[in-house]
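Just the heavy atoms: all of them, side chains too, but no hydrogens, waters or symmetry mates, feed the values below. One-based numbering along the sequence shown.
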Amino acid sequence: MAKENPKTLVIGAGIVGLACAYYLHAQGRSVCVIHDAPLDETASCGNAGAIAMAEIIPLAGPGTLLKVPKWLLDPTGPLSIRAGYTLKLWPWFWRFVKAGTPANRQALTQAMATLLKTAFEDHQTVLDASKLNHLLNKQGSLFVYRNERGRHADRASWDLRRDCGLEFKALDRAGVLAHEPALGPLAHCGYWVEDWAHYRNPGELVLGLAAYLKSQGVVFEVGQVKQILVENNKPTGVQLLGGKINPCAHVVVAAGAWSAKLSNPLGDYVPLETERGYNTTLENPGVEVKSFVTYAQDQFVMTAMQMGLRIGGAVELAGLDAPPNYNRSKALLRLAKKYVPDLNTDGGMAWMGHRPSTPDSVPVISPSQNVKNVYYAFGHGHLGLTGSMTTGRLIADLVAGKTPDIDLSPFYVGRFAHSYHIGRF
């Protein structure tokens, strides 16, 4: 009988952590997933559900710093910073602005395009094994603009997408209505992206994948990780609050917005923030929306799901501990009704989740630079679901000592220790 592989601990049971567990287990490893919250409360359960192949552009761009005051003054704007948090945010925000230079933006976009090139295939691998294919909707995505001026202002971003191989079709008002007849006059023009899919129920995906992994022998344990224990430059175990120690040979940190609390003590500094994203799911929206719709100028989205119509977006920077401000969700509903006049906004269920965000909008997919057999899989921002399965496959390759099929240097944890140049800090 073959000797069992040493235990591999995955910290975090969001979709990235589950993807890592899937691919590690597929290698024949003994895997334990440690999580400190119920599976149905992870950020992955409440998101917009997209495999968003077009969203490869960094959040920061030329002129971002000049736009911020206008955003902050607009109650329905795409960005809010909680009072009292600005000073703490400044080191992250300064790096964020520097990431938006034209040269850096192009390099970061190419890195994300390379990472997500196999996203559909990697998702399909996991869906085929777990029998969750019924959750995926491959109807494409509509990007909407209020006017031609707004679309022209985004031309550089769309040119970048085209340069990275993304195909899309420009639409006039009639073309927009052909895809989504419920949209009102404010939806003047747009683009159609065929290479896009979304999950009808992200929560069911998380719970279904976890159930599959359990059926295959992956262990799930509830507990809050206090620290990763290291001896002779290797992890020996993970200590939980309360003192329990789980021994291991390998550790994968996939704890979302909380991940830097585990990486930083190991000398792997990451300036990680949480993009607090808000949405509302309308059980009875009164209109039919068939595809995933992005309202590009107002930066929010609309997704048709099993449980209703989900309307979300907006970024609030307020850290991990501040209570939710559901006025952000209400503001998005008012904005959505301007685009969809017949929308019924009564009786919605509001939600807030923590999206782990690096300043350069590129995740950390990397071995530790200081401790052998510790690996990082976090910082995907609003692309956690999109990049989850590919990240899991790449992490499994790293753990196995295999050379990944893409260059992972743009995703290296050590990039934050240096001055910024072409995708590195």
Side-chain angles (χ1 to χ4, degrees), residues 43-50 52 54-55 59 67-83 141-147 150 154 176 180 182-188 190 198-203 273-318 322-355 357 381-385:
S44 305
C45 289
N47 63 31
E55 296 296 342
L59 292 178
K67 297 176 183 177
V68 169
K70 180 181 177 181
W71 289 342
L72 296 181
L73 291 171
D74 182 357
T76 62
L79 176 65
S80 171
I81 300 177
R82 190 72 64 95
S141 179
L142 178 65
F143 285 72
V144 170
Y145 289 86
R146 287 186 265 116
N147 47 54
D154 272 359
V176 168
E180 295 294 348
L183 297 186
L186 198 60
H188 176 75
H198 75 268
Y199 285 97
R200 295 180 175 92
N201 189 331
E273 265 300 329
T274 168
E275 295 176 32
R276 296 156 57 97
Y278 290 86
N279 67 47
T280 301
T281 303
L282 302 171
E283 184 177 357
N284 299 298
V287 295
E288 181 185 16
V289 176
K290 296 174 289 187
S291 54
F292 190 106
V293 183
T294 298
Y295 299 89
Q297 285 169 272
D298 292 298
Q299 298 187 23
F300 74 100
V301 302
M302 196 175 280
T303 318
M305 293 191 167
Q306 288 178 347
M307 67 293 290
L309 186 64
R310 181 162 290 173
I311 298 169
V315 171
E316 181 187 42
L317 299 173
N325 173 17
Y326 288 117
N327 287 328
R328 300 289 289 163
S329 299
K330 295 175 182 176
L332 287 172
L333 289 181
R334 292 192 296 269
L335 192 56
K337 195 166 178 64
K338 293 181 180 179
Y339 282 92
V340 187
D342 294 332
L343 181 68
N344 175 26
T345 59
D346 295 334
M349 179 175 292
W351 176 90
M352 188 275 288
H354 294 277
R355 297 174 291 198
S357 180
H382 61 290
L383 292 174
L385 180 56

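- Between Val315 and Arg355, the closest side-chain pair of non-hydrogen atoms falls below 4.5 Å.
- When side chains are defined from C-beta on, Tyr295 counts as touching Leu183, because their heavy atoms get closer than 4.5 Å.
- Here the CG-CG distance, from Leu385 to Asn47, works out to 5.5 Å after rounding to the nearest 0.5 Å.
- Contact record, Val287 with Ala182: CB-CB, 4.2 Å, taken as the closest heavy-atom pair.
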Self-check item: Residues Tyr145, Asp154; criterion side-chain contact (heavy atoms from CB on, under 4.5 Å); working and verdict
Solution: CA-CA 10 Å; Tyr145 289 86; Asp154 272 359; 2.7 Å; yes

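- In this structure the side chain of Arg310 reaches within 4.5 angstrom of the side chain of Pro202, judged on heavy atoms.
- Considering all non-hydrogen atoms of both residues, Leu142 and Ser291 come closest at CB-OG, 4.3 Å.
- Side chains of Thr345 and Ile311 form no contact here, defined as non-hydrogen atoms less than 4.5 Å apart.
- Other residues, nucleotides and ligands place no more than 12 heavy atoms under 6.0 Å from the CE atom of Met349.
- The nearest pair of heavy atoms linking Ala318 to Arg82 is CB-CB, 3.4 Å.
- Residues meeting the ring pair (Phe, Tyr, Trp, His ring centres under 6.0 Å) test with His382, sequence neighbours left out: none.
- Residues Val144 and Glu180 fail the side-chain proximity criterion, which asks for heavy atoms closer than 4.5 Å.
- No side-chain donor-acceptor contact under 3.5 Å links Asn284 to the backbone of Gly286.
- Nearest approach of Ala304 to His198, heavy atoms of both residues: O-NE2, 3.0 Å.
- Annotation: side chain of Leu332 is not in contact with side chain of Asn279 (no heavy-atom distance under 4.5 Å).
- Open room surrounds CD on Glu283; 12 or fewer heavy atoms of other groups in view lie less than 6.0 Å from it.
- Between Tyr326 and Ala350 the shortest heavy-atom distance is CD2-CB, 3.6 Å.
- For the pair Ser141 (side chain) and Phe292 (backbone), a donor-acceptor distance under 3.5 Å is present.
- By the 4.5 Å heavy-atom criterion applied to side chains, Tyr278 and Pro324 are counted as neighbours.
- Residues meeting the side chain to side chain contact (heavy atoms under 4.5 Å, CB included) test with Leu186, sequence neighbours left out: Arg146, Lys338, Tyr339.
- For Met302 against Val289, the heavy-atom pair with the smallest separation is SD-CG2, 3.8 Å.
- Side-chain contact check for Asn344 versus Leu282: every heavy-atom pair is 4.5 Å or farther apart.
- Each of Met352, Glu316, Lys330 was checked for a side-chain contact (heavy atoms from CB on, under 4.5 Å) with Asn325, and the lone residue meeting it is Glu316.
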